[in-house]
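Right, one structure below, let's go through it.
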Amino acid sequence: QVQLVESGGGLVTAGGSLRLSCAVSGRTFSSYAMGWFRQAPGKEREFVAAISRGAARTYYADSVQDRFTISRDNAKNTVYLQMNSLEPEDTAVYYCAAGSRYGLRTNHYEYDYWGQGTQVTVSS
């Protein structure tokens with residue numbers, strides 16, 4: 001069984017930065033593509049960013065392009081989401097996910113395992 005644990009969320013003012021981490025245990029981390037999603041109150045879960053198994057490829061939602069950076073350290077079994085220039089619209093619970101399908105996936109149902117989420121709140 002694969003377990004994912006997110007950390008690093010919190011309260012930040014607009015324009016600030018946060019770095020989320022997601023520690024993965026249970027199976028070979030490098031065999032999974034990883035993604036970050038977020039869900040705001042009353043809204044559907046939406047794709048934020050994805051990274052390939054070897055970290056060679058990344059993909060971002062238009063809303064976070066050039067502000068967020070996804071990365072991974074396969075030696076530490078951890079994936080990161082660096083979030084800069086945060087906006088109130090970024091307020092949500094952020095989830096990391098692991099997927100065994102080949103390629104970068106943007107749909108939540110294409111991922112196999114999920115963390116419990118971490119709250120990010122951006123005040124104006």
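No hydrogens, no waters, no symmetry mates; every other heavy atom, side chains included, goes into these values.
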| request: Give the minimum heavy-atom separation between N74 and G54, together with the two atoms involved. | output: ND2-CA, 4.5 Å
| note | Note: C96 and L4 closest approach over all heavy atoms is SG-CD2, 3.5 Å
| message | Check whether Q82 reaches the backbone of F68 with its side chain - one donor and one acceptor, N or O, closer than 3.5 Å. | response | no
| query | Ignoring hydrogens and geometry, is there a side-chain-to-backbone donor-acceptor pair from R53 to S30 under 3.5 Å? | reply | no
| task | For residues 104-124, pull every pair meeting salt bridge (charged side-chain N to carboxylate O under 4.0 Å, His left out), keeping only residues two or more places apart or in separate chains. | result | R105-E110
| Do M83 and V93 belong together in a cluster built from hydrophobic side chains that touch within less than 4.5 Å? | no
| query | What about the rings of Y60 and F47, do their centers lie closer together than 6.0 Å? | reply | no
| said: Would you say that more than 12 heavy atoms from the other residues, nucleotides or ligands in this model lie under 6.0 Å from the CD of Q3, or not? | reply: no
| said: Strictly by salt bridge (charged side-chain N to carboxylate O under 4.0 Å, His left out), give each pair with a member in residues 88-99 just once, sequence neighbours left out. | reply: R38-D90, R67-D90
| task | Could you tell me whether W114 and F37 have their ring centroids closer than 6.0 angstrom? | result | yes
| Minimum heavy-atom distance Y111-A50, with the two atoms named | OH-CB, 3.7 Å
| message | Please determine whether residues Y94 and M34 belong to a single hydrophobic cluster, defined as Ile, Leu, Val, Met, Phe, Trp and Tyr linked transitively by side-chain heavy-atom distances below 4.5 Å. | response | yes
| said: For a 4.5 angstrom cut-off between non-hydrogen side-chain atoms, does T69 reach L81? | reply: no
| request: Taking R72 for its side chain and F29 for its backbone only, find out whether a donor-acceptor pair lies under 3.5 Å. | output: yes
| request: Go through T91 and V120 one step at a time and tell me if the side chain to side chain contact (heavy atoms under 4.5 Å, CB included) criterion holds. | output: CA-CA 5 Å; T91 295; V120 171; 5.9 Å; no
| message | How about OH on Y59, more than 12 heavy atoms from neighbouring residues, nucleotides or ligands closer than 6.0 Å, or not? | response | no
| Which atom of S17 lies closest to which atom of S85, heavy atoms considered | OG-N, 4.3 Å
| message | Minimum heavy-atom separation for S71 and V79, please, with both atom names. | response | O-CG2, 3.1 Å
| request: Return yes if some donor-acceptor pair links the side-chain N/O of E6 with the main-chain N/O of Q116 below 3.5 Å, else return no. | output: yes
| query | Is I51 reachable from Y95 through a run of I, L, V, M, F, W or Y residues, each pair having side-chain heavy atoms under 4.5 Å apart? | reply | no
| message | With a 6.0 Å cut-off (strictly less than), is the heavy-atom count around CD of E44, excluding the residue itself, greater than 12? | response | no
| Stepwise, does the side chain to side chain contact (heavy atoms under 4.5 Å, CB included) test hold for L104 with S52? | CA-CA 6 Å; L104 298 176; S52 61; 4.0 Å; yes
| field | Ring-face cation contact, Y109 with R45, 6.0 Å cut, 45° max | value | no
| field | Closest heavy-atom pair and its distance - G103, A33 | value | O-CB, 4.0 Å
| query | With a 4.5 Å limit on heavy-atom distance, are the side chains of W36 and C22 in contact? | reply | yes
| Has the side chain of T118 got a donor or acceptor atom that lies under 3.5 Å from a matching backbone atom of G9? | yes
| message | Could you tell me if D73 and T78 have a donor-acceptor pair between their side chains, going purely by distance under 3.5 Å? | response | no
| Do V122 and L20 belong together in a cluster built from hydrophobic side chains that touch within less than 4.5 Å? | yes
| field | Same apolar cluster (I L V M F W Y, side chains within < 4.5 Å links), V64/V12 | value | yes
